[in-house]
Amino acid sequence: STTLSDLQTGFRTKIKTDQSGKIWGNSELTDLVNAAQLQIQADGQFNWGANQGTSSTQVLTGGTREYALPTLFGRMDLVMLSTTKLYEISFEDAIVRNPSSAQSTPSNYYIRGANIGFDPVPGSGTVTMYYRTILASLSASSDAISFPDNFKNAYLEYMAYLAWSGLRGNEGTAAGHLSNYDREINRLRTSYILRDMASLNYRVQRYANSAYGVYPYRADV
């Protein structure tokens, strides 16, 4: 597996300079590695296999609308109140639909910042959240990335882009590495995400005009 140390060494090999680490020491390179790791996850909408398969429960308290999301939360897959699926709506829709914060059994949820909220405001119950996680940062030299080894070059290209974008950098060189990163991430998405159609998200308007009028409101799209 590719480790933090491998990425630090690979970075110095790729940029063909600063072999002694006088410009970018290991501490700076660790920051670049973790920035690249987060960017890779975001560019895959947390649909990579490494981000999948996590759940947690939240006990609901009467009269409390919002609760803190789990640590390292990336993207929600499913929210269940006991055996009932809750559907996602926006924070604005939740407030407009229930401005007086009336309590009842929730049928919907929304995500706002670092919190998850429920509509109607719950009286009691327990929800189970199935979600994609943000990968933990690498810190020790032996820490291995959670992705297959062929993600290594995407890390290195984004690290090089960030390094050359800094005060001691070169805008032209940075742009070249960003272009290389874009090609790498597109190749990886095609290889690891587009083959898994169930993991894809499609966003459509909740209201749609047609020759026959306006389609009904859909809170779950």
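Fair warning: this is a prediction, and the values are worked out from it, not measured in the lab.
- Side-chain atoms of Q52 come within 3.5 Å of backbone N or O of N47 as a donor-acceptor pair.
- The backbone N or O of Q45 sits less than 3.5 Å from a side-chain atom of R75, completing a donor-acceptor pair.
- Not a single donor-acceptor pair under 3.5 Å links the side chain of D119 to the backbone N or O of N108.
- L29 has its side chain out of reach of L7: every pair of non-hydrogen atoms, C-beta onward, lies at least 4.5 Å apart.
- A donor-acceptor pair is defined here as one N or O able to donate and one able to accept, closer than 3.5 Å; no such pair exists between the side chain of E184 and the backbone of E157.
- When every heavy atom of T30 is checked against every heavy atom of L138, the shortest pair comes out as CG2-O, 3.6 Å.
- Applying the salt bridge (Lys or Arg N to Asp or Glu O under 4.0 Å) test to pairs two or more places apart or on separate chains, none has a residue in residues 1-11.
- The structure places OG1 of T64 at 9.5 Å from CD of Q58, a figure rounded to the nearest 0.5 Å.
- Considering CZ of R112 and CZ of F91, their distance stands at 3.5 Å, rounded to 0.5 Å.
- Ring-centre distance between Y192 and F151: below the 6.0 Å cut-off.
- The closest donor-acceptor contact from the side chain of W164 to the backbone of G176 lies at 3.5 Å or more, if one exists at all.
- In terms of modelled atom types and a separation under 3.5 Å, the side chain of Q8 and the main chain of N26 share a donor-acceptor contact.
- Here salt bridge (Lys or Arg N to Asp or Glu O under 4.0 Å) pairs that include residues 51-63, with residues two or more places apart or in two chains, number zero.
- Hydrophobic clustering, with ILVMFWY side chains joined whenever heavy atoms are under 4.5 angstrom apart, groups L135 together with L162.
- If you check the side chains of N186 and R183, you find no donor sitting under 3.5 Å from an acceptor.
- Contact detail for F46 and T133: the closest heavy-atom pair is CD2-O, 4.0 Å.
- Between the OH atom of Y110 and the CD atom of E66 there is a distance of 3.5 Å, given to the nearest 0.5 Å.
- Across every non-hydrogen atom of N34 and S137, the tightest pair is OD1-CA, 3.3 Å.
- A donor-acceptor pair under 3.5 Å is formed between the side chain of Y67 and the backbone N or O of T61.
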